[in-house]
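First the proteins, then the strands, lettered A, B, ... as listed; each starts at 1. Here the structure is a predicted model, which means the values were calculated and not measured.
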Amino acid sequence: MHNIYLNNITLIKNERKILSEVNVHFPKGKTSVIIGPSGCGKSTLLKVAAALIPIDSGNIFVGDKNLFKMSPVDLLEFRKNSSFVFQDAALWANKSVYQNMSLPLKLHYPNMENDIHDNKILEMLRLVGYTDSINLIPAALSNGERKMVSLARALINSPELIYMDNPLVLVDPSVAKKIKKLIMDIHNSNATIIANFSSPELIKKIADFLIVMKDGKIVETGDIESILNSKNPNTAIIISSLINHS
Amino acid sequence: MKFQIRFADQIVGLFIILAMMSIVFILVMMGINQRWFAKDYKYTSSFKTGNGLSVGMPIKLKGFQIGSVDKINLLADNSVEINFHIFDTYIEKVRKNSILELSISPIGIGGGGMLFHPGKSTELIPELSSIPSTDFEEGKKLIAKELVNIPPRDDTIVNIINDISPLLRSTNDTMESLALLLDTTTSTITGEAEGPIADIIEEVSIMITMLSNSITEAMTAANTILSDSTVITGDMKVITARMKDTEGLLTHLLNPKGTIAKLLDDDNELYIELYAIIEEAANTAAELTSFVNYINTTQPQISELLEGSREAIVKGKDVLEGLSNNPLLRGGITAVTEQPTTFKSYEEEEF
Amino acid sequence: MLGKLGRWLINHIKALLYGLGFFFQIIKATFGFIKNGRVGRKVLTMQILFTGVQALNNISLIAVALGAVIIIQGVGILPQFGQGDLIYPILITIITRELGPMLCAFIIIARSGTAITTEIGSNVVNHEIEAYIATGVNPLSYIAVPRFIGVTLSLLLLNFYFNFFGLIGSYFITQFIYPIQAAEYFHKILYNLHLDDIVSSIIKSLVFGVIISVVSIYYGFQVEQSSTEIPQMTIKAVGTAFVLCILADALIVLIYYT
């Protein structure tokens, strides 16, 4: 997977600028974390970086390829090697846990044998700590279980690039602990992570690169040391509120 | 519900197959019924008018549909050409001298149709040929020459009119010859014409014998007609009476508040017209009765024949005109002066 | 005032062009689906099950009842005018040509049109569509196209059933009230039923199917963030589908019979 570049991204919704001329890059093999006050556009930036929502202007480059002008084959390859963990799990409601896991596998590995396919699903669910029935539909699961399945779904194709949007929100401490451990493992596996974490502890532990945002604009970017010691008053306020909050 | 989802593929498959089968079944049955796969033989014919003709009109032979009308065209000479087809199963009926007849019901509603009368020949008419219709001379001649198989009509009125026509024509011809003879005799007697009187008298004598024979022959038919027309007159009177009946069916149907009247909303025109038609038909039949009675009375009074014949000519002409103008067939009868009969019938005579 | 009117007009033209663009995208994706629709095939099967199979009891009941009512009324009234045979063309005009496709369309709008808009709307609100995109699934191919094909095909098939039940099933119901000779009835029905009637009926159900599915999917995707938008968009979808179906019907009748 290559570096991800966002050039002059602007996103307007209901005549309000959600993102305003954002220029940022996410280095390959590193964990980049977006921080900023609530409602500053962190989740939106994450989704834009994954090309999940349309933008009004700007470009996204994966290496030297424009994500919006990619051929369907290249785009499918990009999707195969990347995944997204949503804040609210976003499991497909009309599909069972098994079907939720199976769809990405079948899409990218259509010729995979059934045994291998099923084993992979079970293995991944075990890895995230999901122990309930695979035939349940998402509505029958707890928040924590949904998050687990969501993570398992994101990891099933062993992606090189993972977007994570607040994966620890709305989970109880025991599940949070499991998820944190899993994120650490992903971080150590040299995958590229672009995340929006609310846990300062996790940020301190795994963030290689920080992007500070305010009001839809990038305030500052840099490695964790430089950001923590930044002289920028906006960055200082954001960092202090994050630490105080924790 | 779980069952449906579990066997979704099979259920949806069955759903699609049954739908396809139902539409294919309907299409096949339509094809069979509408003869999509059978060959039709095309012909043409001509009529004087397009009235009563319609595209898709069935062509029937003895109540069986043997084909239908495809196209109707008005030609440059104002005659109407029709294109029609005959089903392959009935093609052996399309023999030489076959004719088409457009039959319109005398009452005007329903009952009409295109009738096919096969020729008596064994030779078949090739496809795309023109088959004559009874509207034109060619068709009429074929009937006159008895080259066509025309089934007897089951309509009493039509039967009687058909029987009367040749009789009246022959009587009329005889009367006209007699009138001519009478004129010649009169002029000879008054000295206006020359010629041997004996010859003329002889000629009259022959003529009278001929008429006597003719009338004797006519008597049989006349008696039948007399009884038939008496029945008809009676029927007509009954119908007329029923029409007048305020509680009757016709009144109910035709009264201004009735169902038909409401639909037609024509100020009772249909009622009045229908009433007039039936009343006139009754008059005609009554006249016919008196005419036949008249003929009856003339036979024993040969000596009075010449005098009576003159009156009979006029009367005969009137009745002919009346019949030809019969409202059931066309429209109206011209007013006639009442011609009282001067002779009595056999039944009234004392022996 | 003039400015407002201008803006209103421009917005509507934009929405119309967007809708047309959306329609062509679906058509384009449909060809892709037909060529390589392995992943979405199950969705298509389920869509036909929900839209077609599960609506069959409603459709057949309405068809049989409507056919029987026409026959009973017709047999009672028409012979009084000497036009007893007119019952067959009337039955065909109503069941096959006019009311059949339209009634099927109305039932599908009420049953499946609303369901599609609601489902897609809640997919959007719950970020399920984004999850599809992130996985590499094209929502148009996976969500829109199976519903588009499923609804259109189901409506066509339901129309066949409607004709079958309306023309043939209704006969058996009528037997309890007005016994008619079976041979005479079926011969005359099949004699009066023309290929034109069937083709017109097929065209109508295909057009109505396309309208209902595209409109329902379009309004489903119009939901943006909140679940309160879902019922609003569903109402809009139903209204638009009704109006477009009636307009399309009038247009088809105009083109077909003039």
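- Side-chain contact between B:Val12 and C:Met46 is absent, with no heavy-atom pair separated by less than 4.5 Å.
- Taking all atoms of both residues into account, the shortest heavy-atom contact from C:Phe164 to B:Ser22 is CD1-CB, 3.5 Å.
- Proximity of a side-chain donor or acceptor of B:Gln4 to a complementary backbone N or O of C:Leu49 within less than 3.5 Å is not detected.
- Looking at C:Ile168, the atoms closer than 4.5 Å to chain B (heavy atoms on both sides) all sit in the side chain, from C-beta outward.
- Atom NE2 in C:His194 sits 7.0 Å away from atom CE in B:Met30 (nearest 0.5 Å).
- Enclosure of atom NZ in B:Lys42 by more than 12 non-hydrogen atoms of other residues, nucleotides or ligands within 6.0 angstrom is indicated.
- In this structure, the separation between CZ on B:Arg35 and OH on C:Tyr191 is 9.5 Å, given to the nearest 0.5 Å.
- The distance from the CG atom of C:Asn159 to the CD1 atom of B:Ile23 is 8.0 Å, given to the nearest 0.5 Å.
- Between C:Leu195 and B:Leu27 the shortest side-chain heavy-atom distance falls below 4.5 Å.
- Between the side chain of C:Tyr161 and the backbone N or O of B:Phe15 there is at least one donor-acceptor pair closer than 3.5 Å.
- Looking at B:Ile26, both its backbone and its side chain come within 4.5 Å of chain C, counting heavy atoms on both sides.
- Few gaps surround NZ on C:Lys188; more than 12 heavy atoms of other groups in view lie less than 6.0 Å from it.
- Checking each of C:Leu190, C:Leu193, C:Asn192 against B:Asn33 for a side-chain contact (heavy atoms from CB on, under 4.5 Å) leaves exactly one that passes, namely C:Leu190.
- When heavy atoms are compared at a cutoff of 4.5 Å, C:Ile189 does not approach chain B at all.
- Note that CD1 of B:Ile32 and NE2 of C:His187 are 12.5 Å apart. Values are rounded to the nearest 0.5 Å.
- Rounded to the nearest 0.5 Å, atoms CD1 (C:Ile48) and CG (B:Asp9) are 10.0 Å apart.
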